[in-house]
Student: 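Let me begin by handing over the structure; questions about it come next.
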Amino acid sequence: MAIRVLIVEDQPETLAGFAAVIEADLHTALIGAAATGRDAIELLERDCPDVLLVDLGLPDISGLEVIRHAARICPTTDVMVITTFGDEDSVLSAIEAGATGYLLKDSSDRELISHILDLRAGGS
């Protein structure tokens with residue numbers, strides 16, 4: 001069974017790239033995508049994904065709020081932050097909010113899928 005993934009990313013090109021990688025892999029299935037935190041929360045209210053890929057810098061609310069919401073309503077969802085912010089404060093804030101994985105946006109397609117698989121297998 002494919003790992004069900006929801007992407008939250010406000011940059012259209014980046015969102016399209018992540019979506020294409022997830023849709024092309026046999027181990028993953030894209031169940032939704034959102035460009036804002038509020039849209040992400042609406043999608044989470046409808047269906048909990050196996051993995052939530054979420055950017056921290058969203059145009060309306062912080063990705064940290066999306067992570068906190070997911071932790072409350074989707075406790076079995078693994079959350080991986082996808083961001084350009086690799087500083088210690090951002091990483092710690094995301095982990096404190098409920099993220100279990102952290103990936104920089106410049107990672108390769110293969111790394112993205114590998115990290116999703118590792119996250120679902122209990123890794124971080």
Side-chain angles (χ1 to χ4, degrees):
M1 183 172 229
I3 297 168
R4 302 167 65 248
V5 179
L6 171 63
I7 304 170
V8 185
E9 169 58 55
D10 64 319
Q11 296 178 5
E13 310 83 34
T14 305
L15 176 59
F18 286 142
V21 170
I22 289 164
E23 289 177 323
D25 193 87
L26 297 174
H27 300 100
T28 55
L30 183 65
I31 65 160
T36 69
R38 286 184 187 17
D39 288 347
I41 287 172
E42 284 183 28
L43 290 172
L44 287 167
E45 294 284 342
R46 289 187 218 145
D47 189 15
C48 291
D50 297 321
V51 173
L52 173 65
L53 299 180
V54 61
D55 186 10
L56 294 180
L58 299 172
D60 56 351
I61 62 174
S62 169
L64 295 174
E65 285 303 313
V66 175
I67 294 168
R68 287 184 193 104
H69 191 80
R72 281 192 307 273
I73 69 165
C74 299
T76 61
T77 295
D78 288 311
V79 179
M80 181 180 300
V81 172
I82 48 172
T83 189
T84 56
F85 306 114
D87 62 281
E88 186 175 343
D89 287 340
S90 295
V91 173
L92 291 176
S93 294
I95 291 169
E96 288 170 358
T100 51
Y102 203 93
L103 187 66
L104 295 178
K105 287 185 183 180
D106 61 358
S107 298
S108 71
D109 296 352
R110 184 173 295 163
E111 287 175 314
L112 175 62
I113 295 298
S114 175
H115 283 62
I116 290 172
L117 297 174
D118 288 347
L119 196 61
R120 281 310 284 173
S124 61

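Below, all heavy atoms of this structure are taken into account, side chains as well, without hydrogens, waters or symmetry copies.
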Student: Donor-acceptor check, side chain of Glu111 to backbone of Ser108, threshold 3.5 angstrom: yes or no?
Tutor: yes
Student: Would Val81 and Leu103 count as a side-chain contact (heavy atoms from CB on, under 4.5 Å) here? Give the steps.
Tutor: CA-CA 6 Å; Val81 172; Leu103 187 66; over 6 Å; no
Student: Does a side-chain heavy-atom distance below 4.5 Å link Val8 with Leu58?
Tutor: yes
Student: How about Ile116 and Ile3: do any of their side-chain heavy atoms sit closer than 4.5 Å?
Tutor: yes
Student: Between Asp55 and Lys105, is there a side-chain heavy-atom distance shorter than 4.5 Å?
Tutor: yes
Student: Looking at CD of Glu45 and SG of Cys74, how far apart are the two atoms once the value is rounded to the nearest 0.5 Å?
Tutor: 8.0 Å
Student: Search all heavy atoms of Gly98 against all heavy atoms of Val79 and return the closest pair with its distance.
Tutor: O-CB, 4.2 Å
Student: Could you check if a side-chain atom of Thr83 sits within less than 4.5 angstrom of a side-chain atom of Tyr102, using non-hydrogen atoms only?
Tutor: yes
Student: Do the side chain of Gln11 and the main chain of Glu13 share a donor and acceptor less than 3.5 angstrom apart?
Tutor: no
Student: Please identify which of these residues, Leu30, Leu112, Asp78, meets the side chain to side chain contact (heavy atoms under 4.5 Å, CB included) condition with Leu53.
Tutor: Leu112
Student: Would you name the heavy atoms of Leu26 and Ala2 that are closest together and state the gap between them?
Tutor: O-CB, 4.2 Å
Student: Can you get from Leu56 to Leu92 by hopping between Ile, Leu, Val, Met, Phe, Trp and Tyr side chains that sit under 4.5 Å apart?
Tutor: no
Student: Just so I know, are the side chains of Leu6 and Leu44 near enough to count as touching, which here means a heavy-atom distance under 4.5 Å?
Tutor: yes
Student: Between Asp60 and Gly37 (side chain of the first, backbone of the second, donor and acceptor by atom type, cut-off under 3.5 Å), is there such a pair?
Tutor: yes
Student: When rounded to the nearest 0.5 angstrom, what is the spacing between NE2 in His27 and CG in Asp25?
Tutor: 6.0 Å
Student: So which heavy atom on Ala35 is nearest to which on Asp10, and how close?
Tutor: O-CB, 3.3 Å
Student: Measure the CE-CG distance between Met80 and Asp118 for me, rounded to the nearest 0.5 Å.
Tutor: 8.0 Å
Student: Could you work out, with salt bridge (charged side-chain N to carboxylate O under 4.0 Å, His left out) as the rule, every residue matching Asp39, not counting sequence neighbours?
Tutor: none
Student: Without swapping roles, check the side chain of Asp50 against the backbone of Arg4 for a donor-acceptor pair under 3.5 Å.
Tutor: yes
Student: So Ile31 and Asp47, do their side chains get closer than 4.5 Å, heavy atoms only?
Tutor: yes
Student: Please report the closest heavy-atom contact between Thr77 and Cys48, naming both atoms and the distance.
Tutor: OG1-CB, 3.9 Å
Student: For the backbone of Leu104 and the side chain of Ser107, can you confirm whether one donor and one acceptor N or O come within less than 3.5 Å of each other?
Tutor: yes
Student: Please round to the nearest 0.5 Å and tell me the distance separating atom OG1 of Thr100 and atom CZ of Arg120.
Tutor: 9.0 Å
Student: Write down the atom of Ala97, the atom of Ala71, and the distance for their closest heavy-atom approach.
Tutor: O-CB, 4.2 Å
Student: How many angstroms lie between CG in Asp109 and OG in Ser114, if you round to the nearest 0.5 Å?
Tutor: 12.0 Å
Student: Specify the closest pair of heavy atoms between Ile22 and Ala29, including all atoms of both residues, with the distance to one decimal.
Tutor: CG2-C, 3.9 Å
Student: Out of curiosity, Leu52 CG to Leu119 CG, how far, rounded to the nearest 0.5 Å?
Tutor: 10.0 Å
Student: Using modelled atom types only, decide if a donor and an acceptor are shared between the side chain of Ser93 and the backbone of Asp89 within a distance under 3.5 Å.
Tutor: yes
Student: Using 4.0 Å as the upper bound for N to carboxylate O, is an ion pair formed by Arg38 and Glu42?
Tutor: no
